[in-house]
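For reference, the structure is listed below as structure tokens.
Convention: sequence-line order gives letters A, B, ...; per-chain numbering from 1.
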Amino acid sequence: MNVLARLQAAFRSALDGLVDSPSTYLEMIRPSQDPKFGDYQANLAMPLKSVLGGNPRDIAAKIVERLDVSALCDPPEIAGPGFINLRLRDEVIVEMLRTALRDERLGIAPVAEPKTVIVDFSSPNVAKPMHVGHIRSTVIGDSLSRILRFLGHRVITDNHLGDWGTQFGMIIYGFKHLRDESAYAAAPVAELGRLYRQVRAIMDYRAAVRELPKAEAEAKQLAAAAATAAALAAAAQGPEAKKAAGDAKRAARRSEEAAEQLASLREKIAKTEASPAASALAAQHADIERAVLDETAALHAGDAENRRLWEEFLPYCREDIQRIYERLAIRFDEELGESFYHPWLGETVDDLTKRGLVRDSDGAACVFLDGFDSPMIVRKRDGAYLYATTDLATIRYRVSTWNPDLCLYVVDHRQSEHFAKLFAAAKVWGFEKLELRHVSFGTVMGDDGRPFKTRSGDTVGLEGLLDEAVTRARAVVDENLKKNADLEFDETERQRIAETVGIGALKYADLSQNRSSDYVFSYDKMLALKGNTAPYLLYPYARVNGIFARGEVDAEALRRGDRAMAFVAPEERRLALLLLQFENVLLDVTVDWLPNLLAAYLYEVTTAFSQFYERCSVLDAPDETSRTTRLALCDLLRRTVRTGLDLLGIGVVERM
RNA sequence: GUCCCGGUAGCUCAGCCGGAUAGAGCAGCUGACUUCUAAUCAGCAGGUCACAGGUUCGAAUCCUGUCCGGGAUGCCA
């Protein structure tokens, strides 16, 4: 049992008979932020004032009187308005350290009541290359799955692939009209990618031409509005002036955005028209939008030819994304894409209808839900189904197959309304016992504060992103080795370190951020050697390995041994306390599904280690007890870091 | 229009289910490598936690309003 749980148990008996539901108060016991307030503090006397009456210091005194923590702590102290400060006895810390040291799982017991959890994440569209937008869902979902599994839950990870949408209509259309037979025979994946981009380019061009007049008119109108607003602002006096200036600024910005939008449209058009071949292509395929939709509809309707092509293309498309997953070390238990649910969409709507949940509105089948202005449309006027329908069918399938307690959807925040409706609909459909959670996250931004794009305005491919991270990591490795003459790394090892550090840095940059906020992408920041970065966390791990190697320490014997241990420096004690909080941190992560809490913890623990390392010589410790204690801290540190990083989906390097 | 999310140091961000003097990193300044890897450490400086009210013994954290930014908003996913 971890420290906190033991303290809580002691307080639970102290509160017995005093309050009805002690749980809320037990959560008010937490690590102190300042050592002078002890190791842990209980903040429950103040809020108990409204329950028990009297003044909080007296309440605290009463609780302390009933409290028996003598096996764990020095006598508790009451401070300030009624804080109860607890200082753990060194022998207790040492004993718990020993328990963790001996245990494969660092003393962390599996949860008493395991749940079945489905984690739905990544879910790229297989017809197009993965891009930067997929990184967050993939990395956050993978980490949450690993943490849940480590804690002892039954976890099913599912990649709900987009393998049935319009993008396949595009590829099929491209294949029928634009394919290069020999290129397809030689390298099908590349050729399909080219076809997708080709069709996309034609469609984009045609859309740009169509939208141009409207965009021109809008830009013109907004420019005029901005000019008017600027004039008004210049003329305004007194209290009106500030407001007018604000209006002018906003109008100017809107005008600027419209101008950019217009410029981007013109650029697309110019790009196509600059090439006679591209222009001719665009002219030849004047009806491309409708034709693509027709190909998609034919696929869905069971057209034999399109179905055959789809089956032929699918493995190639999956191959492309599989390569990325392998590099990221991401695996799924299931990859049931949209196509898997296609056969059941009709009966899903029928079942909803049978239960009286569906109403016709303008020819569309709609589920109207309390608290929402607009309904959830489950079948379009033209008879086609939507992702809402697929998502409902998916819930039903998952319940009948795995009977989960909880289902997490790791999907970006823009879809929060969709999920709010989906969850509400699932509830009225009869799945009220199943807990559904949208684990949402923000956008990856460029350093200009806008969604991360290449200089030419395209989305950034994920593969290129990985390559760049590794290349830059390699530069850091080489740079560092120049400074350390006594370290020798051959080419293979350098490259392997670069791969681990680069990919790890990319993942860590994402996971160390609170998922709900947008985050600014920066190679320089993620690969920085100091601060909350992957390289900083990996370093202590390698350092400890260095100590064990140089001292020829037998780690197994250390773990099993029973030599005396004791603290002489505050850095040792602080590091030990932090190491013992690992379990609580993992449990905290699963309260609001925040992997950044684990990242922050690992940063804190490695920072504490760096301070310890600076201050306390391990191999040349003053005596045997100190040496054993310090080696134990080192070993626990490296295993905690390795486990913690593994739970974030990040690998370690033995030396760097 | 309605709904959702955000506004914390020059920059990037933690902290937000109320707790003791608001924390990191970067950038700036000062120190520390004959010592287990300096991919490090120690220190200085830097903040009306957007604004105004409210609840509370106590508010960056909860409530209300205002301003600013982003997003969503019936037949795409």
Side-chain angles (χ1 to χ4, degrees), chain A residues 24 27-28 30 32-34 36-37 41 43 46-47 49-50 55-56 79-83 85 123 125 162 165-167 243 246 250 338 361-366 371-382 384 386-388 390-391 411-418 420 440 442-443 445 447 449-450 476-477 479-481 483-484 486-487 501 512-514 516-520 522 524-525 527-533 535-536 538-540 542-551 591-592 596-597 599-600 603-604 607 610-611 613-621 630 634 655-656:
Chain A
T24 43
E27 281 170 26
M28 294 170 184
R30 59 188 62 179
S32 302
Q33 40 179 307
D34 191 319
K36 79 174 177 222
F37 301 133
Q41 61 182 39
N43 303 337
M46 290 80 81
K49 190 187 78 164
S50 57
N55 98 53
F83 296 106
N85 293 336
S123 309
N125 199 300
T166 316
Q167 286 77 11
K243 188 179 177 303
R250 273 191 297 281
E338 291 171 334
S361 175
D362 296 333
C366 298
F372 294 94
D373 292 337
S374 56
M376 184 161 84
I377 297 174
V378 291
R379 190 178 57 220
K380 295 200 287 182
R381 195 168 25 199
D382 66 7
L386 298 110
Y387 77 141
T390 311
D391 282 352
V411 181
D412 81 88
H413 70 274
R414 286 173 306 197
Q415 296 195 38
S416 54
E417 192 172 337
H418 163 69
S440 69
T443 312
M445 310 292 251
D447 50 18
R450 298 180 175 194
V476 175
V477 171
E479 183 58 35
N480 184 56
L481 288 174
K483 293 188 296 190
N484 288 282
D486 46 330
L487 287 176
V501 172
S512 58
Q513 200 91 191
N514 185 316
S516 66
S517 41
D518 293 343
Y519 90 92
V520 178
S522 159
D524 289 337
K525 277 206 176 109
L527 286 166
L529 307 173
K530 288 201 251 178
N532 195 2
T533 66
Y536 182 87
L538 291 168
Y539 185 44
R543 271 181 153 178
V544 168
N545 288 338
I547 292 173
F548 275 67
R550 182 177 287 252
V591 172
D592 281 322
N596 69 302
L597 296 182
Y603 179 52
E604 201 181 355
T607 301
S610 291
Q611 291 161 357
Y613 180 89
E614 201 69 25
R615 181 67 206 290
C616 307
S617 179
V618 178
L619 295 175
D620 296 325
R630 290 174 184 183
C634 282
R655 52 178 205 154
M656 58 195 289

Would you tabulate the pairs of protein nitrogen or oxygen atoms and nucleotide nitrogen or oxygen atoms of nucleotides 11-16 of chain B closer than 3.5 angstrom?
{"from": "B/rC13", "atom 1": "OP1", "to": "A/Val520", "atom 2": "N", "distance (Å)": "3.2"}
{"from": "B/rC13", "atom 1": "O3'", "to": "A/Gln513", "atom 2": "OE1", "distance (Å)": "3.0"}
{"from": "B/rA14", "atom 1": "OP1", "to": "A/Asn514", "atom 2": "N", "distance (Å)": "3.4"}
{"from": "B/rA14", "atom 1": "OP1", "to": "A/Ser517", "atom 2": "OG", "distance (Å)": "2.4"}
{"from": "B/rG15", "atom 1": "OP1", "to": "A/Asn596", "atom 2": "ND2", "distance (Å)": "3.3"}
{"from": "B/rG15", "atom 1": "OP2", "to": "A/Asn514", "atom 2": "ND2", "distance (Å)": "3.2"}

Might you list the N or O atoms of the protein lying below 3.5 Å from N or O atoms in nucleotides 21-23 of chain B, with each pair's distance?
{"from": "B/rU21", "atom 1": "O4", "to": "A/Asp34", "atom 2": "OD2", "distance (Å)": "2.5"}
{"from": "B/rU21", "atom 1": "O4", "to": "A/Lys36", "atom 2": "NZ", "distance (Å)": "3.2"}

Might you list the N or O atoms of the protein lying below 3.5 Å from N or O atoms in nucleotides 42-44 of chain B, with each pair's distance?
{"from": "B/rA42", "atom 1": "OP1", "to": "A/Gln611", "atom 2": "NE2", "distance (Å)": "2.9"}

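With distances taken from any side-chain atom of A/Ala79 to the nucleotides B/rA77, B/rA39, B/rA20, the minimum falls on B/rA20. The nucleotide whose nearest atom lies closest to any side-chain atom of A/Tyr539 is, among B/rA38, B/rG19, B/rA77, B/rA38. Side-chain proximity of A/Ile547 to the nucleotides B/rG19, B/rC36, B/rA38 is greatest for B/rC36. Closest approach to the A/Pro535 side chain among B/rA39, B/rC57, B/rA77 is made by B/rA39 (side chain taken as heavy atoms from C-beta onward). Checking B/rU37, B/rG74, B/rG19 against the side-chain heavy atoms of A/Ser361 singles out B/rG74 as nearest. In this structure, the nucleotide among B/rG74, B/rU37, B/rA39 sitting nearest to the side chain of A/Arg543 is B/rU37. The side chain of A/Tyr613 sits closest to B/rA38 out of B/rC76, B/rC57, B/rA38. Comparing B/rG71, B/rG74, B/rA20 by their closest approach to the side chain of A/Asn85 singles out B/rA20. Picking from B/rC41, B/rG19, B/rA77 the nucleotide with the shortest atom distance to the side chain of A/Tyr387 gives B/rA77.
Here A/Ala542 lies in heavy-atom contact (under 4.0 Å) with a base. Heavy atoms of A/Pro540 sit nowhere under 4.0 angstrom from any nucleic acid atom. Counting non-hydrogen atoms under 4.0 angstrom, A/Cys366 reaches a base of the nucleic acid. Among the protein residues, A/Leu386 comes within range of the sugar-phosphate backbone only, with heavy atoms under 4.0 Å from sugar or phosphate atoms but none that close to a base. Heavy atoms of A/Arg655 sit under 4.0 angstrom from at least one base atom. At a threshold of 4.0 angstrom between heavy atoms, the contacts of A/Ser617 include nucleobase atoms, whether or not backbone atoms are also involved.
When the ring-ring contact (aromatic ring centres under 6.0 Å, His included) test is applied to A/Tyr387, the partners found at least two apart in sequence or on another chain are A/His418. Legend: residues meeting ring-ring contact (aromatic ring centres under 6.0 Å, His included) with A/His413, ordered by chain and number and at least two apart, are absent. For A/Ser123, the side-chain contact (heavy atoms from CB on, under 4.5 Å) partners two or more places apart in sequence, or in a different chain, are A/Asp120, A/Asn159, A/His160. Every residue two or more places apart in sequence or in another chain that forms a salt bridge (Lys or Arg N to Asp or Glu O under 4.0 Å) with A/Asp524 is listed here: A/Arg472. In this structure, A/Asp518 has no salt bridge (Lys or Arg N to Asp or Glu O under 4.0 Å) partners at least two apart in sequence or on a different chain. Partners of A/Ala420 according to the side-chain contact (heavy atoms from CB on, under 4.5 Å) rule, which considers only residues two or more places apart in sequence or in another chain, are A/Phe372. Every side-chain contact (heavy atoms from CB on, under 4.5 Å) that A/Asn55 has, sequence neighbours left out, goes to A/Arg57, A/Asp58. Applying the side-chain contact (heavy atoms from CB on, under 4.5 Å) criterion to A/Ser361, with sequence neighbours excluded, gives A/Cys366, A/Phe368.
OP1 and OP2 of B/rU73 both lie 4.0 Å or more from every side-chain N or O belonging to A/Arg414. At the phosphate of B/rA39, OP1 or OP2 sits under 4.0 Å from a side-chain N or O atom of A/Asn480. Note on A/Thr166: every side-chain N or O is 4.0 Å or more away from OP1 and OP2 of B/rC76. Applying the 4.0 Å criterion to OP1 and OP2 of B/rU37, one finds that A/Arg550 has a side-chain N or O inside that range. Residue A/Tyr536 places at least one side-chain N or O closer than 4.0 Å to OP1 or OP2 of B/rC41.
Among the duplex regions that RNA chain B forms, those built from at least three successive Watson-Crick or G-U pairs under 3.5 Å are B:1-7 with B:67-73, B:10-13 with B:23-26, B:28-32 with B:40-44, B:50-54 with B:62-66, ordered by first number.
Residues A/Leu386 and A/Val378 are not in side-chain contact: their nearest non-hydrogen atoms beyond the backbone lie 4.5 Å or more apart. Here the side chains of A/Asn43 and A/Gln41 are in contact, with some heavy-atom distance below 4.5 Å. Looking only at side-chain heavy atoms (C-beta outward), A/Asn596 and A/Ser512 stay at 4.5 Å or farther from each other.
Positionally, the nearest nucleotide of RNA chain B for A/Ser516 lies more toward the 5' end than for the other of A/Ser516 and A/Asn43. Residue A/Ser32 is the one, among A/Ala364 and A/Ser32, whose nearest nucleotide of RNA chain B lies closer to the 5' end (criterion: closest heavy atom).
The environment of A/Asp382 atom CG is dense: over 12 non-hydrogen atoms of other residues, nucleotides or ligands sit within 6.0 angstrom.
By the criterion of a centre-to-centre distance under 5.5 Å and near-parallel planes under 30°, the ring of A/Phe83 forms a stack with the base of B/rA20.
Distance check: A/Leu538 CG to A/Arg655 CZ gives 15.0 Å after rounding to the nearest 0.5 Å.
If you check the side chains of A/Gln167 and A/Asn125, you find a donor sitting under 3.5 Å from an acceptor.
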- After noting the C-alpha distance and the side-chain angles of A/Asn514 and A/Tyr519, does the key distance pass the side chain to side chain contact (heavy atoms under 4.5 Å, CB included) rule? CA-CA 9 Å; A/Asn514 185 316; A/Tyr519 90 92; over 6 Å; no
